[in-house]
Engineer: 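The structure follows.
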Amino acid sequence: MPDTAAPARAKPRLRPGDRVFSGSALAAGTLILAILAGVAAFLIIESVPVVTTDPKDINILDGQPFWSYVAPLVFGTLWSSAIALLMAVPVSIGIALFISHYAPRRLAQGLGYIIDLLAAVPSVVFGLWGGNVLAPAIQPLYSWLTEHLGWIPLFAGPASGTGRTILTASIVLAVMVLPIITALCREVFLQTPVLHEEAALALGATRWEMIRTAVLPFGRPGIISASMLGLGRALGETMAVAMVLSSSGGITLALLTSSNPGTIAANIALRFAEAFGTNINLLIATGLILFAITLVVNMIARWIIGRRREFSGAN
């Protein structure tokens, strides 16, 4: 009886170029993990003295527990970044939709170039603009809000006389993350299958209905990814917040007063030059907390995208 078993399939022979490319890709991926592990190990090792040292021996703490010192900074970091994201995401989506589906081609190209150019502006420039131009210009609005809407906890007074509040810092952060979110959303919207758009229009949908039923569901994972990337930029921003925000410590939801919580990154930038001894370890320990916050935010974003995979055009 003849052997009908299929012959074993031989493995394809790799060319030298394929081997070099696969090896380089593996080395690059391994290097990223090694750098991340190295940064985490450095932060953990340098943070240990803060746990073993009496808070009274650390000048920055002034005798208070470590978590009492870092809690307002964590709150200020998350609060300012959340407000910035709340303002930036709707505007970014609107700009991206206008560029990809409404604007004429020449105008869309010009706007796309301007958005990309805005992302190249240094954070120091944003800080100078926010502290010297935006804060004085918006201060009368803060006074009006506290006078007429002060019964709302967010607008409780008295209003800051300089305009350097947590809301001003959040506006600056929103402007800084706007080009990042807009550019990514624009590219995602442009990848929407043309057949999906034409099918919606052929069924009688208006342009907005086509965008709502075809473009936005297709680009939802990309919108989430862009938002989380912008959030990561806002969480780690240093100079712009340090130059705009008048920090006094404490935890408060009021947006317009002179009593503002600080942020971890700005606090490190302002105190590191004069820190010495265990004070440096304390600032590094706050950096470890910021590292952990960023890692958790990215993990949550990946989990959300995984749950929304059915909306991706790859399926």
Side-chain angles (χ1 to χ4, degrees), residues 76-104 106-138 141-142 154 163-192 211 215-216 218-245 255-256 263 265-266 290 293-294 297-298 300-301 304-305:
T77 301
L78 297 176
W79 184 228
S80 60
S81 300
I83 297 173
L85 205 65
L86 188 64
M87 292 186 290
V89 170
V91 178
S92 299
I93 294 176
I95 297 175
L97 287 175
F98 177 76
I99 293 176
S100 60
H101 288 82
Y102 284 94
R106 291 184 179 179
L107 179 60
Q109 292 177 349
L111 287 177
Y113 176 75
I114 293 174
I115 294 297
D116 295 337
L117 186 63
L118 186 62
V121 177
S123 59
V124 176
V125 176
F126 283 109
L128 292 173
W129 169 76
N132 299 329
V133 178
L134 179 62
I138 206 170
L141 176 61
Y142 290 169
L154 294 178
R164 294 175 177 265
T165 67
I166 192 73
L167 182 58
T168 305
S170 298
I171 294 174
V172 174
L173 288 177
V175 175
M176 294 180 67
V177 304
L178 186 72
I180 299 175
I181 303 176
T182 300
L184 293 176
C185 290
R186 177 192 64 199
E187 295 302 323
V188 170
F189 294 155
L190 290 174
Q191 298 302 319
T192 306
I211 291 174
V215 178
L216 292 179
F218 176 85
R220 192 170 301 173
I223 294 174
I224 296 173
S225 299
S227 301
M228 292 302 103
L229 187 61
L231 178 60
R233 170 73 187 276
L235 288 172
E237 181 52 45
T238 303
M239 292 309 301
V241 178
M243 298 172 68
V244 172
L245 184 61
L255 300 175
L256 310 179
T263 64
L290 180 59
I293 291 174
T294 306
V297 166
N298 282 277
I300 294 174
I304 294 175
I305 294 173

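Just the heavy atoms: all of them, side chains too, but no hydrogens, waters or symmetry mates, feed the values below.
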Engineer: In a check of side-chain contact (heavy atoms from CB on, under 4.5 Å) between S92 and each of I223, L97, I181, which one passes?
Structural biologist: I181
Engineer: Please find the pair of heavy atoms, one from I93 and one from C185, that lie closest to each other, and give the distance.
Structural biologist: CG1-SG, 4.5 Å
Engineer: Would you indicate whether the side-chain heavy atoms of F189 and L216 approach each other to under 4.5 Å?
Structural biologist: yes
Engineer: Under 4.5 Å between any side-chain heavy atoms of I138 and I171, yes or no?
Structural biologist: yes
Engineer: Could you grab the distance from atom OG of S227 to atom CG of L85, nearest 0.5 Å is fine?
Structural biologist: 5.5 Å
Engineer: Nearest 0.5 angstrom please: L184 CG to E187 CD, how far?
Structural biologist: 8.0 Å
Engineer: Starting at CD1 of I114, measure out to OG1 of T182 and round the result to the nearest 0.5 Å.
Structural biologist: 12.5 Å
Engineer: To check you understand the geometry: which heavy-atom pair defines the closest contact between A265 and E237, and what is its length?
Structural biologist: CB-O, 3.4 Å
Engineer: Roughly how far, to the nearest 0.5 Å, is the OG1 atom of T263 from the CG atom of L173?
Structural biologist: 8.0 Å
Engineer: Would you name the heavy atoms of I166 and S80 that are closest together and state the gap between them?
Structural biologist: CD1-CB, 3.7 Å
Engineer: Under a 3.5 Å distance rule, please check whether R164 uses its side chain to pair with a backbone N or O of M243 as donor and acceptor.
Structural biologist: yes
Engineer: With a 4.5 Å heavy-atom cut-off, do L78 and L235 have their side chains touching?
Structural biologist: yes
Engineer: Under 4.5 Å between any side-chain heavy atoms of L290 and T77, yes or no?
Structural biologist: yes
Engineer: Between L245 and T168, is there a side-chain heavy-atom distance shorter than 4.5 Å?
Structural biologist: no
Engineer: Does some side-chain heavy atom of L178 sit less than 4.5 Å from a side-chain heavy atom of I95?
Structural biologist: yes
Engineer: Taking atom CG of L141 and atom CG of L256, what is their separation to the nearest 0.5 Å?
Structural biologist: 8.0 Å
Engineer: Side-chain contact test, heavy atoms from C-beta onward, threshold under 4.5 Å: evaluate it for L255 versus T165 and give yes or no.
Structural biologist: no
Engineer: Should W129 and V172 count as side-chain neighbours, where that means a heavy-atom distance under 4.5 Å?
Structural biologist: yes
Engineer: Under the side-chain contact (heavy atoms from CB on, under 4.5 Å) rule, what do L107 and Y102 come out as? Steps first, then yes or no, please.
Structural biologist: CA-CA 10 Å; L107 179 60; Y102 284 94; over 6 Å; no
Engineer: Which heavy atom of P136 sits nearest a heavy atom of G131, and at what distance?
Structural biologist: CD-O, 3.7 Å
Engineer: Heavy atoms only: give me the nearest A266-V241 pair and the separation to one decimal.
Structural biologist: CB-CG1, 4.1 Å
Engineer: Mind listing the closest non-hydrogen atom pair of S170 and A84 along with its distance?
Structural biologist: O-CB, 3.4 Å
